[in-house]
Amino acid sequence: MADSRFVGQNIFGTQSTSRSKTHYPRWRYALSLLVIVVACVYALPNLFSPDYAIQIQTDHAKNNKGEPFEIGDSFIGQVVDFLEKNDLGVKEQEKLENGTLLRFHTEVERDQAKGALETRLNPTGTDRQFVVALNLADTTPSWLQKIGGRPMALGLDLAGGIHFVLEVDIDTAIQNQLVDESEKVLDRLRDARIRYLPGQDIVKDQTMIIEFADIETRDRALETLGEFYGLPNYEMSSTQASGNPAVQMSFASARLTEMEDLAIDQNLEGLRNRVNELNVSEPLVQRLGQNRIVVDLPGIQDSSEAKRILDKFATLEFRLVAGPEDNPRPAEVEQFEYENRMYDVYKEVIVEGKNVINAVAARDENGLPTVNFTLDRPGGDRMHDITKDNIGEPMAILFIELKPIVSTELIDGEVVETTRIETDRRLISVAGIREALSYNSRISELDASEAKELALLLRAGALAAPMRIVEERTVGASLGEENINRGFMAVVIGFALVLAFMLAYYKVFGLVANLALIFNLIIVIAVMSSIGATLTLPGIAGMVLTVGMAVDANVLIFSRIREELKVSKPWAAIPAGYDRAFRTILDANLTTLFVALILLFIGSGPIAGFAVTLSIGIVTSMFTAIFVSRGIVHLIYGRPNVERVWI
C-alpha cells in the first residue's frame, strides 16, 4: 500500500501532496464549464434546417427605355401572384441587393416553381433575361447571427453545390500576345530605318506577316529581327504575301508551351481570387488537362452570382489620347466614342489590369461612386514615366470585356442552351493628366453597381485568356441529403457502440468517458461552425476517427488508474493515473496532429476535408480527456474517505 503522502507529478510538472490531489483547482472547473457552454451555443445553429429557396437575378435584362432592369417590389409581387395562381405558395420573400429570394415549404414546390419561372421569364427562342437559381436559405435565428453563430459549412458531397468546367481560350491569348508584340517589332524596324509596306493587318491566325517592297529590304529585315526575336522565342522565314516579299514570324514551340502554362496559371490565380470574393468555404479550383479548369463551389445552389463573376473576362487598359496636333499614323490609333465624341486612342498600352494589386469601390468628395486602385511597382513606375511627360494631355481608360450571352432554342422537342461570346470594348473615362501619376489612382464617372463590379474584377486580377463554361453541374440537395444521412448513421452507430462498450467495461468511469465524448463532438461542431470549416464525407470519417482517438486517451488513463489502485488509495490513484498517462497521450496525439497538419497543407479536396476535422478533433479530445473527464471524476471520487471505485 502506498504511503499516505503519495507524491506524483501533475500535467504542469510540479510536485503535489495528497492534500493538493484532493483539491481540484476551481479555475479548471470554470474553464471546462465555459468551453462547454460556449460550444453548445455555437453548435446550436446546426439544428436549424435551411429553407428551400429560389433566387432571381437579372442577366442583361432591359426595361422599356432600354435601361438595365432592376428587380423591385412590383416585380416581386407579380412573381408571387404568378406562383400562387399555379398553386405554388411562397413561404416568405426577401428583397436582395440585386434580386429577390423566394422561400418554399418543400423541395418539390421549389423545383416546380423554378420550372414555371424559367418558362415565364425566359421564353424559348429569346436571350436569357433572368437567372432563376436554386438556393438554400439560412434559418438561423437573428440573435445567434448577431453573436456570429452560423451553421457548419457542408461540402459539395453533402450540401450539394455547383461544379464548373471552364475552357481557357489559349488561341485568343496567343493572338493577343502577338498583337501586343507586333508594335515592338515594327518599332524595331523603324529604328533600323527599314521600310515596310504600311496599311496592313500583320497579325493573322497566330502568325505575324510583314510585307516589304523588295527582296533586299525583306532580307535586311529578316537579319535585323533575327538578332532580337529569333529562337527560342520566334520562328522566322521568308515568304510571299499579296505578291510582295514578306517575313513570317510565329511563336516557337517552346514559347507556345510556356505561354500556355502561364495563361493557365494566371487564370487559376485569378479564379481563386474571384472565388474568394464569393465567400465560399473550401472551394476547389484546379487544372484539368491541357486547357481546362475545374471549379467546385460547395454549398451554393445559386449559380447566377458565381457565373457572373467566374465567366467574365474583363480588363482595363490605360492609353494616351491623340490630340489634333499629334497627327498619328492610322496604324497607331483606334477610334472610340465617349460621351457622343470620337477619340483617337493610341494602341500602345501604358498599364493594364494585371498591374493592379488592389482596388476598392468608394465615394469621392462629391459623394459619387469611384474605384480607387493601387498599381504594382512596374505599373506604377511606367504610369509615372508616361504621365510626367504628358501633363495636360488626355488619357483614356479602355474597358475590355468578353460577355457570354446565353440563348435558348427548341431542337427536336428539347430546350437547348447555346452560348455566344460578345466582345465589348468601350471607353469608361477620358480625363486630362493634371499631374504625374504613380501607384495610386482613381476611376470616376461610374454608377454604384459598375464601381463595385469593376473593383472586384481588378482586385481579383486580370485573366490571361478568356474562358467559357463548357460544363455546369449542380449537385442537388437530395444527393447531399442521402450522403448526410449515411454519414450521420455511421457516426451514430460507431458512437453508440463505443458508448456501450465504455459503460459496460469501465462502469462509472465509462459513463464519465461517454459524457466527455459527447462534449467533445459538440466542441468539434462548434469550432468548425465558428471558423467556417467545411464538413465533407471524408470529414465525417475524420470525426469518427476523432471519437476513437478520444476513447484511446480515456482507455490509457483508466488503465493507468487500475494499476495505481493496486498500490494506492483511490484519492491518490486517480490523480496519479491522469498525471502519468498525460505524457503518453500527449506524444500520441501530437504525432497524429503533425500528420493531420501535413495532410491539411499539402492535400486538397477530400484529403483536406479529412485533415481539418481530424486536426480539430485531436485538440478537443485532449481537452475533454484531460480537463472535462478529470473534473467529473473528481466530483465523484475526489474525497479522501473514498475506499472503493467502480472501474
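Since this is a predicted model, take the numbers as computed values, not measurements.
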So do [Y] and [X] actually touch side chain to side chain, heavy atoms under 4.5 Å?
{"X": "Val628", "Y": "Leu515", "result": "no"}
{"X": "Asp138", "Y": "Pro50", "result": "no"}
{"X": "Val512", "Y": "Tyr506", "result": "no"}
{"X": "Arg292", "Y": "Glu471", "result": "no"}
{"X": "Ser615", "Y": "Leu593", "result": "yes"}
{"X": "Ile293", "Y": "Val165", "result": "no"}
{"X": "Ile618", "Y": "Thr546", "result": "no"}
{"X": "Arg103", "Y": "Val90", "result": "no"}

Over 12 foreign heavy atoms within 6.0 Å of CZ, Arg287: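 Buried by this count: over 12 neighbours within 6.0 Å.
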
For [Y], does its backbone N or O pair with a side-chain atom of [X] as donor and acceptor, under 3.5 Å?
{"X": "Gln145", "Y": "Thr140", "answer": "yes"}
{"X": "Thr100", "Y": "Glu94", "answer": "yes"}
{"X": "Tyr42", "Y": "Ile523", "answer": "no"}
{"X": "Ser629", "Y": "Ala516", "answer": "no"}

Derivation of the side-chain contact (heavy atoms from CB on, under 4.5 Å) call for His634 and Arg28: CA-CA 11 Å; His634 189 271; Arg28 295 191 189 181; over 6 Å; no

Do you know the tightest heavy-atom contact between [X] and [Y]?
{"X": "Leu144", "Y": "Leu44", "value": "CD1-CD2, 4.0 Å"}
{"X": "Arg630", "Y": "Asp579", "value": "NH1-OD1, 2.9 Å"}
{"X": "Ala53", "Y": "Arg110", "value": "O-CD, 3.0 Å"}
{"X": "Leu614", "Y": "Ala596", "value": "CD2-CB, 4.0 Å"}
{"X": "Met502", "Y": "Ala513", "value": "CE-CB, 3.6 Å"}
{"X": "Ala39", "Y": "Ala526", "value": "O-CB, 3.3 Å"}

side-chain contact (heavy atoms from CB on, under 4.5 Å) assessment of Phe509 paired with Ile561: CA-CA 10 Å; Phe509 279 80; Ile561 291 175; 3.8 Å; yes

Using 0.5 Å steps for rounding, measure from the [atom1] atom of [X] to the [atom2] atom of [Y].
{"X": "Lys114", "Y": "Thr119", "atom1": "NZ", "atom2": "OG1", "value": "9.5 Å"}
{"X": "Asp587", "Y": "Arg583", "atom1": "CG", "atom2": "CZ", "value": "7.0 Å"}
{"X": "Arg26", "Y": "Leu31", "atom1": "CZ", "atom2": "CG", "value": "16.0 Å"}
{"X": "Leu597", "Y": "Thr592", "atom1": "CG", "atom2": "OG1", "value": "11.0 Å"}
{"X": "Glu109", "Y": "Leu102", "atom1": "CD", "atom2": "CG", "value": "12.5 Å"}
{"X": "Asp81", "Y": "Ile76", "atom1": "CG", "atom2": "CD1", "value": "12.0 Å"}

Partner set under ring pair (Phe, Tyr, Trp, His ring centres under 6.0 Å) for Tyr505, not counting sequence neighbours: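 Ring pair (Phe, Tyr, Trp, His ring centres under 6.0 Å) list for Tyr505, sorted by chain: Phe501.
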
Sequence-distant partners of Phe623, ring pair (Phe, Tyr, Trp, His ring centres under 6.0 Å), two or more places apart: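 Listed in chain order: Phe627.
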
side-chain contact (heavy atoms from CB on, under 4.5 Å) between Leu101 and Gln93, intermediate numbers included: CA-CA 6 Å; Leu101 184 75; Gln93 63 191 50; over 6 Å; no

No-hydrogen, no-angle side-chain donor-acceptor test under 3.5 Å, Asn46 and Ser529: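 Per modelled atom types, Asn46 and Ser529 side chains form a pair under 3.5 Å.
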
Check: Asn520/Ser621 side-chain N/O donor and acceptor closer than 3.5 Å: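 Distance-only check fails for Asn520 and Ser621.
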
Electrostatic pair Lys91:Asp51 at N-O distance under 4.0 angstrom: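 Salt bridge present between Lys91 and Asp51.
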
Salt bridge Arg580-Glu564, side-chain N to carboxylate O under 4.0 Å: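 Here Arg580 pairs with Glu564 in a salt bridge, since their nearest N and O are under 4.0 Å apart.
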
Aromatic centroids of Phe104 and Tyr52 separated by under 6.0 Å: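 No; Phe104 has its ring centre 6.0 Å or more from that of Tyr52.
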
Working for side-chain contact (heavy atoms from CB on, under 4.5 Å), residues Phe519 and Thr620: CA-CA 9 Å; Phe519 292 143; Thr620 59; over 6 Å; no

